[in-house]
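Note that this is a predicted model, so its numbers are computed, not measured. Any value given below was found using the heavy atoms of this structure, including those in side chains, with hydrogens, waters and symmetry copies removed.
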Amino acid sequence: MEKSSWDKYRMLLLLVTAYVVMCITVIIGFTGQFFYWLIFDVCNFNKERSNRKLNVTKSSKQNEYYTLIVGSGFSGLGVAIKLRELGTDNFIIIERNAHIGGTWYANTYPGCTCDVPSNLYSFSFEPNPNWSHFFGRQPEIGQYLEHCTDKYDIRRHIKFNTTVTEMKWLDDKQLWEVITQSNGEENHIYAKFIMSCHGPLSNASFPKDIPGIDKFEGRMCHTAEWDKTLEFENKRVAVIGTGASAIQAVPELQKTGVKQLLVFQRTPGWVVPRADRVIGEWEKKLYRKFPIVQKLVRGLIYWIRETTVLSFTYRLPVRFLYQNLIKFNLRMHVKDEELRKKLTPPFDFGCKRALVTNDWYPAIQKPNVKLVTNRIKEIKSDCIVTYDGDEYPVDIIIWSTGYMVQTFPMPVYGVNGKSLTEEWSESISAYRGVTVPNFPNFFVLVGPNTGLGHNSIIVMIEAQIQYITQALLYMNENNAQSLDVKQDVNNRYNDNIQSKLKKTVWQSGGCRSWYQNADGRNTAIWPGFTWVYILLMKNFDSKSYNIQ
């Protein structure tokens, strides 16, 4: 009884301390943001930079454009909206799917939900007062992107069901040649600029160390390529993986009447409770009538989430506070000591992507669900075999094994025919996450080391669009034909990024994750506060580039 009381008091103390840290961060953040707004917006400190437009002459050739955008997710639509704001319609978007949305169109697995609150997982210039939940569901995020596409008249620029098969820089013409495939027909498109907005979480990854996958005679699919024809009632189902997609799909699959649901776990993850709720009509009306309120809510969420950088990047003692709170949550929801041991990660909180859910622990303890922690040895025609010799008969296999983050999804050739694969043979890197040496007029959004483990990627996307915008305007106003970042500038920048990453939880937290390549180099995560990146990307640094 005494131990139970002490646990409660300890939990209360941890919560109070966590809230104090959050409040201090929020106050400092809002204060800094206010003064920045006062100096740069109200006092028009940057007045000379406002209202600039692109002066683009439309080519007489039907297949030649000022800009070609690959992908129509948040990045692609954001770039397209900005180009229209800058006064040009001379661009085309290549989309391999039949609809816009990128990852939010492709991922339709049961329970697909964003782990960033809706008010922050949306464009800052296009708030949505009609979110139904605090955390947006996949269909609703898709609808939001459809709304943005139509409101800003972007749909007429999109070529759907079209795949980019190759991109090549033509030195003599100072243009990009892009080869596409659509309905079995090959087309050549030319563009001065390429905006690669394909997104890192767009291509499903299957394990290469499990033999016999091709021998399985049942049904299979990946969470990123969901098969809606699958029927689960009275079936023996295996879910392989316990990452961000699996912890959302498993609770929903458990409810479908499966005979048995086997969850194969290689490494457990830290589970953070999701403070979700239904957004009432009164709140929606308040947001519609007073948009400033929603903006303040967005700011509050943003600065609270920035707090975790103190733990993840700077490894301050606050990290023990957060980890103890999360462990307490595990003890509260999983009473079985053996199961709890299997669900306790051997690495620091934040080293791998945090799993935000309220449903995972209850689902994994259901009678028809079994957690398997022995590694898979092989797949047979009707079962999965683990290294301890156990065989698990299954009818359906669901692969929840992540995405191909460490490879670029299409061949790209830059100056003198140099391939991007060759450029990135030692390590994937880009200057400020958006430009690559030897690849002129080529911009990558959500590029190397701009991913996040704590905040909204939309914040990073908007910062990148700001930087790219400044680059385009600079070139337009100085009659420049091409730019590519200097090799030494790129090297210094990325050496600095890797140096900072060494001290963070993503490199020193005791795990290997999809953030890292085969050599253990972190090519995915931005090592710090997002507001630092936002300020870094405010202005284009022309001296860092070779400009012709």
Side-chain angles (χ1 to χ4, degrees), residues 21 25 115-116 199-201 205 241-247 266-272 302 304-327 344-356 401-407 424 426-434 444-461 463-464 493-534 536:
V21 172
T25 305
D115 55 11
V116 175
L201 306 182
S205 174
T242 52
S245 300
I247 59 103
R266 182 173 291 188
T267 312
W270 288 109
V271 174
V272 180
Y302 170 79
I304 287 174
R305 293 182 80 92
E306 284 288 85
T307 305
T308 53
V309 172
L310 301 174
S311 168
F312 292 172
T313 298
Y314 298 105
R315 313 294 283 132
L316 298 183
V318 71
R319 71 182 190 269
F320 300 114
L321 168 70
Y322 294 143
Q323 194 156 304
N324 274 301
L325 282 170
I326 295 166
K327 282 183 178 179
T344 302
F347 50 82
D348 291 350
F349 170 58
C351 189
K352 289 190 176 185
R353 183 176 174 182
L355 308 176
V356 184
T401 46
Y403 304 86
M404 297 174 67
V405 179
Q406 299 294 336
T407 57
W424 283 349
E426 293 186 9
S427 179
I428 298 173
S429 67
Y431 179 60
R432 302 195 179 185
V434 295
V444 185
L445 282 94
V446 196
N449 293 113
T450 62
L452 298 176
H454 71 289
N455 218 320
S456 173
I457 195 64
I458 312 303
V459 172
M460 302 295 276
I461 289 171
Q464 289 161 13
Y493 172 82
N494 283 284
D495 287 345
N496 183 46
I497 289 288
Q498 293 303 317
S499 176
K500 288 180 178 179
L501 276 164
K502 285 179 182 177
K503 303 169 187 176
T504 69
V505 69
W506 302 294
Q507 289 299 97
S508 63
C511 76
R512 286 296 300 270
S513 70
W514 61 263
Y515 300 147
Q516 299 161 321
N517 64 12
D519 298 324
R521 182 183 173 100
N522 192 317
T523 63
I525 291 292
W526 168 252
F529 291 106
T530 62
W531 61 262
V532 173
Y533 187 77
I534 292 168
L536 179 70

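- In this view, N455 and E306 satisfy the side-chain hydrogen bond (donor to acceptor under 3.5 Å, both in side chains) rule, not counting sequence neighbours.
- How far OG of S508 is from NZ of K502: 12.0 Å, rounded to the nearest 0.5 Å.
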Between side-chain atoms of residues 310-322 and protein atoms elsewhere (two or more places apart, or another chain), which donor-acceptor pairs fall under 3.5 Å?
| from | atom 1 | to | atom 2 | distance (Å) |
| --- | --- | --- | --- | --- |
| R315 | NH1 | S311 | O | 3.3 |
| R315 | NH2 | D348 | OD2 | 2.6 |
| R319 | NH1 | R315 | O | 2.3 |

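- In this structure, Q516 contributes its side chain and S513 its backbone to a donor-acceptor pair below 3.5 Å.
- Judged by distance alone, the side chain of N517 and the main-chain N or O of D519 form a donor-acceptor pair under 3.5 Å.
- Put simply, the side chain of T25 gets close to the backbone of V21: a donor and an acceptor are under 3.5 Å apart.
- Shortest non-hydrogen contact noted between T450 and G433 is CG2-CA, 3.6 Å.
- Counting only distance, with no hydrogens or angles, the side chain of R353 and the backbone of G243 share no donor-acceptor pair below 3.5 Å.
- Across all their heavy atoms, V434 and Q464 have their closest contact at CG1-CG, 3.6 Å.
- Between L355 and A244, the shortest heavy-atom distance links the atoms CD2-N, 3.6 Å.
- Rounding to the nearest 0.5 angstrom, the gap separating the CG atom in N494 from the OG atom in S499 is 12.0 Å.
- To the nearest 0.5 Å, the span separating CD1 on I497 from OG on S429 amounts to 10.5 Å.
- Side-chain contact check for T530 and Y302: at least one donor-acceptor pair (N or O, by modelled atom type) lies under 3.5 Å.
- Put simply, the side chain of W526 gets close to the backbone of F529: a donor and an acceptor are under 3.5 Å apart.
- Looking at every heavy atom in both residues, V505 comes nearest to F349 through CG2-O, 3.5 Å.
- For the atom pair CZ (R266) and OG1 (T242), the distance works out to 10.0 Å, reported to the nearest 0.5 Å.
- Nearest heavy atom pair, residue G510 against residue C351, reads N-SG, 4.0 Å.
- The minimum heavy-atom distance linking I525 with G453 is given by the pair CD1-N, 3.8 Å.
- Looking only at side-chain heavy atoms (C-beta outward), W514 and P200 stay at 4.5 Å or farther from each other.
- Here the side chains of I457 and V446 are in contact, with some heavy-atom distance below 4.5 Å.
- Using a 4.5 Å heavy-atom threshold, the side chains of N449 and Q498 count as touching.
- Formation of a donor-acceptor pair under 3.5 Å by the W270 side chain with backbone atoms of F347 is found in this model.
- Judged purely by atom type and a 3.5 angstrom limit, Q507 uses its side chain to pair as donor or acceptor with the backbone of G520.
- Screening N522, T523, N496 for a side chain to side chain contact (heavy atoms under 4.5 Å, CB included) involving L501 leaves a single residue, N522.
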